[in-house]
Amino acid sequence: MRILTAIINCSFLLAGVVCASSLQEQNKALAKRAFEELLSGGRFELAEQLYAKDFVNHGIHRDISLAEDQAALKGWHEAFPDVVIVPEKLIAEGDLVTIYWIARGTNTGTGNGLPATGKKVEQAGITIWRIVNGKIKEEWSAFDQLSMMQQLGLLPQKTSGGVSETEATDKKKE
């Protein structure tokens, strides 16, 4: 009888692991789809399918709703019409998916307060999504905004000597 009980318990444990693994793979597939079709592809109509109605993007200073989040995404697409955001690494644990992504685009439009500079940008970031019942419910994201502003020429870049390119150019003129 003990052997039978042990076999049954192991079966339930194995089934739980398989189900959890399957759910994590489904969550990674949802995250990949969101990056490819919505974030990169600009198919904003998919937001209702991919995000929970009560979605919250947890910002550094305040939380924002799905409507605000999508407005910001549209602003990035206005500023960078050719933007491509590639999910490079996806890691799933429980109901969380972490995505290391790289975005590339040319700033030929205005959006999110940026002027059109005509410059190319390459940017990496990390997004963590909590996925509940097959929809993205919460988000935490970070990317190097300073580097982006420097690539756009909106802030000076530091050279190896610790001075900005602008300061170095001014010194050469003297």
Side-chain angles (χ1 to χ4, degrees), residues 23-44 46-160 162 164-165:
L23 179 62
Q24 291 170 349
E25 290 305 313
Q26 289 173 10
N27 288 348
K28 284 169 45 176
L30 173 71
K32 188 174 181 184
R33 180 178 179 215
F35 265 84
E36 290 174 352
E37 295 182 34
L38 177 61
L39 278 71
S40 187
R43 294 191 52 206
F44 303 109
L46 293 177
E48 290 181 20
Q49 292 176 27
L50 303 174
Y51 290 83
K53 289 186 187 333
D54 58 348
F55 166 83
V56 176
N57 183 335
H58 300 285
I60 295 172
H61 302 290
R62 71 180 186 93
D63 294 344
I64 63 171
S65 68
L66 180 58
E68 292 173 292
D69 184 75
Q70 292 301 296
L73 179 60
K74 288 175 184 175
W76 289 119
H77 276 264
E78 290 168 6
F80 300 90
D82 65 343
V83 70
V84 175
I85 309 169
V86 179
E88 294 285 331
K89 303 284 184 200
L90 291 95
I91 302 167
E93 182 176 320
D95 61 357
L96 298 175
V97 178
T98 301
I99 307 102
Y100 170 74
W101 50 265
I102 296 178
R104 294 174 183 90
T106 311
N107 177 226
T108 57
T110 60
N112 289 348
L114 295 174
T117 64
K119 296 188 177 183
K120 292 185 180 294
V121 170
E122 182 174 62
Q123 190 68 56
I126 293 180
T127 296
I128 302 170
W129 278 331
R130 186 165 81 90
I131 299 174
V132 178
N133 296 324
K135 297 210 177 199
I136 301 164
K137 186 163 177 75
E138 292 182 271
E139 176 178 321
W140 299 264
S141 285
F143 70 97
D144 184 359
Q145 295 178 33
L146 175 60
S147 170
M148 180 185 69
M149 299 300 276
Q150 289 173 330
Q151 290 176 62
L152 292 173
L154 300 173
L155 289 175
Q157 293 190 15
K158 294 290 181 183
T159 62
S160 59
S164 72
E165 288 181 359

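Remark: aromatic rings of Phe35 and Trp129 are close, center separation under 6.0 Å.
Side-chain contact between Leu39 and Pro87: absent, with no pair of heavy atoms (C-beta onward) separated by less than 4.5 Å. Between Leu38 and Tyr51 the shortest side-chain heavy-atom distance falls below 4.5 Å. Side-chain contact between Ile91 and Tyr100 is absent, with no heavy-atom pair separated by less than 4.5 Å. Proximity of Gln49 to Glu37: side-chain heavy atoms (C-beta onward) are nowhere separated by under 4.5 Å. Side-chain contact check for Leu66 versus Lys53: every heavy-atom pair is 4.5 Å or farther apart. Residues Ile131 and Asp95 have side chains not in contact (no heavy-atom distance under 4.5 Å, counting atoms from C-beta outward). In this structure the side chain of Val121 reaches within 4.5 angstrom of the side chain of Phe80, judged on heavy atoms.
For Leu146, the CG atom sits in a packed shell: over 12 heavy atoms of surrounding residues, nucleotides or ligands are nearer than 6.0 Å. Around atom NZ of Lys135, more than 12 heavy atoms belonging to other residues, nucleotides or ligands sit under 6.0 Å away. Enclosure of atom CD in Glu93 is not indicated, since only 12 or fewer non-hydrogen atoms of other residues, nucleotides or ligands lie within 6.0 angstrom.
Within the model, atoms OG of Ser65 and CG of Asn57 stand 9.5 Å from one another, a figure rounded to the nearest 0.5 Å. Interatomic distance, Lys120 NZ to Arg104 CZ, rounded to the nearest 0.5 Å: 11.0 Å. Glu68 CD to Leu73 CG: the interatomic distance, rounded to the nearest 0.5 Å, is 14.0 Å.
The backbone N or O of Asp144 sits less than 3.5 Å from a side-chain atom of Gln123, completing a donor-acceptor pair. Side-chain atoms of Ser141 do not come within 3.5 Å of backbone N or O of Thr127 as any donor-acceptor pair. Distance alone, capped at 3.5 Å, is enough to place a donor-acceptor pair between the Asn107 side chain and the Ala79 backbone. No donor-acceptor pair closer than 3.5 Å links the side chain of Glu88 to the backbone N or O of Trp101.
Taking every heavy atom of both residues into account, Thr106 and Pro81 meet most closely at O-CD, 3.8 Å.
Aromatic ring pairs are classed by plane angle as parallel below 30°, tilted from 30° to 60° and perpendicular above 60°; the pair Phe44 and His77 is perpendicular.
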